[in-house]
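The figures here come from the full heavy-atom set of this structure, side chains too, leaving out hydrogens, waters and symmetry mates. Here the structure is a predicted model, which is why all the values come from computation and not from measurement. All chains are named by letter (A, B, ...) in the order of the sequence lines, taking the proteins before the strands, and each is independently numbered beginning at 1.
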Amino acid sequence: MIETLQALAEPNRFQIVELLRGGPRPVGDMVERLGLRQPQVSKHLRVLSEAGLVDVRVDAQRRIYGLRAAPLRELEQWIGRYRRVWEANFQRLDGVLEELKAKEKKRGRIKRKSAD
Amino acid sequence: MDASSERAPIKKNSGTLKVTTPSDREVAMTRVFDAPRRLVFKAWTTPELMKRWLYGPEEWKLAVCEFEMKVGGKVRFEWRDREGKGMGLSGVCREVVAPEKLVFTEVWDEDWTGGETLVTMVFTEDAGKTTVTQTVLYLSQAARDGALKTGMEHGAAMSYDRLAELLPSLA
């Protein structure tokens with residue numbers, strides 16, 4: 001998973017992954033859209049491929065790259081645990097706030113009674 | 001185990017946690033609470049109350065909670081698991097405008113955020129509900145993204161939102 005994060009942490013590679021969200025693309029197409037040189041794009045694709053984030057199929061003369069879901073799913077599950085820490089915290093806080101509201105209401109009633 | 005079975009049940013009155021990246025050095029979390037601002041601020045700044053809800057990963061309890069609410073005041077949080085293993089952070093209060101705004105610094109004992117971060121919390125009330133926005137400012141973009149790599153909550157949640165966008169296209 002560290003490999004996935006390291007592969008994604010480079011801005012150009014992040015861009016490539018974003019591009020491939022729309023579906024598989026040939027290398028030439030990515031070179032054009034990213035405004036990078038072909039060797040650079042190929043180098044980034046090699047890193048992404050080694051991290052298991054993309055796979056390649058050869059169609060006639062063209063190499064077509066596509067995203068692989070598995071490492072991203074793994075990452076999502078891992079990150080989801082941290083998000084759930086906050087979601088669980090805030091649900092507990094909802095409970096504490098209900099209690100504070102109820103206490104205040106009760107105090108308000110006693111105050112009104114003693115003022116009568 | 002099925003991941004969904006670990007999730008806490010969603011309460012009817014609970015708001016949705018929103019995570020955004022206002023700039024390349026910041027991560028912001030926003031959540032609406034069904035209570036007046038006065039009470040939300042109190043629950044967020046009173047150590048005895050904070051200990052009841054501000055847990056760490058894997059339900060680690062907040063064992064030490066010092067929050068000296070004045071400019072220059074000391075901030076110290078320590079979470080511990082059942083075996084007493086823990087993690088902690090220290091900081092200093094920079095600005096206190098009760099019950100509207102809090103600004104404080106944070107640095108983790110095992111510095112995984114690439115130096116000190118500046119946390120700004122803003123509480124706004126509308127029709128009896130309170131919106132809390134917590135913005136964490138990192139020293140650099142590399143520090144923010146580094147926090148993601150090592151699993152610091154804020155950074156991780158941020159990229160989760162980007163990933164959530166990415167995943168449907170892989171189905």
side-chain contact (heavy atoms from CB on, under 4.5 Å) between B:Leu39 and A:Glu99, intermediate numbers included: CA-CA 10 Å; B:Leu39 295 182; A:Glu99 209 183 287; over 6 Å; no
More than 12 heavy atoms of other groups within 6.0 Å of B:Lys51 NZ: yes
Pair A:Trp86-B:Leu54, side-chain contact (heavy atoms from CB on, under 4.5 Å): steps then yes or no: CA-CA 8 Å; A:Trp86 279 107; B:Leu54 191 56; 4.0 Å; yes
CD/A:Glu10: more than 12 non-hydrogen atoms of other groups inside 6.0 Å: yes
A:Arg63 atom CZ, over 12 foreign heavy atoms within 6.0 Å: no
CZ-CG distance between B:Arg31 and A:Asn89, expressed to the nearest 0.5 angstrom: 10.5 Å
Single-linkage hydrophobic cluster B:Val96~B:Val75, side-chain heavy atoms < 4.5 angstrom: yes
CA sep, side-chain torsions, deciding dist, call: B:Phe33, A:Asp94, side-chain contact (heavy atoms from CB on, under 4.5 Å): CA-CA 7 Å; B:Phe33 295 93; A:Asp94 284 333; 3.3 Å; yes
Pairs satisfying salt bridge (charged side-chain N to carboxylate O under 4.0 Å, His left out), at least one member in residues 91-103 of chain B, at least two apart: B:Glu95-B:Lys101
Hphob cluster co-occupancy, B:Leu89 + B:Val119, side-chain heavy atoms under 4.5 angstrom: yes
Proximal component of B:Trp44, with respect to chain A [non-hydrogen, under 4.5 Å]: side chain
Any donor-acceptor pair under 3.5 Å from A:Lys101 side chain to B:Asp34 backbone: yes
A:Phe90 CZ to B:Trp53 CH2 distance, which is reported to the nearest 0.5 Å: 5.5 Å
A:Asp59 atom CG: more than 12 heavy-atom contacts under 6.0 Å: yes
Residue pair B:Leu49 / A:Leu100, side-chain heavy-atom distance below 4.5 Å: yes
Cationic N near anionic O, under 4.0 Å, A:Glu104 to B:Arg38: yes
Residue B:Val132 versus chain A: region with a heavy atom under 4.5 Å: neither
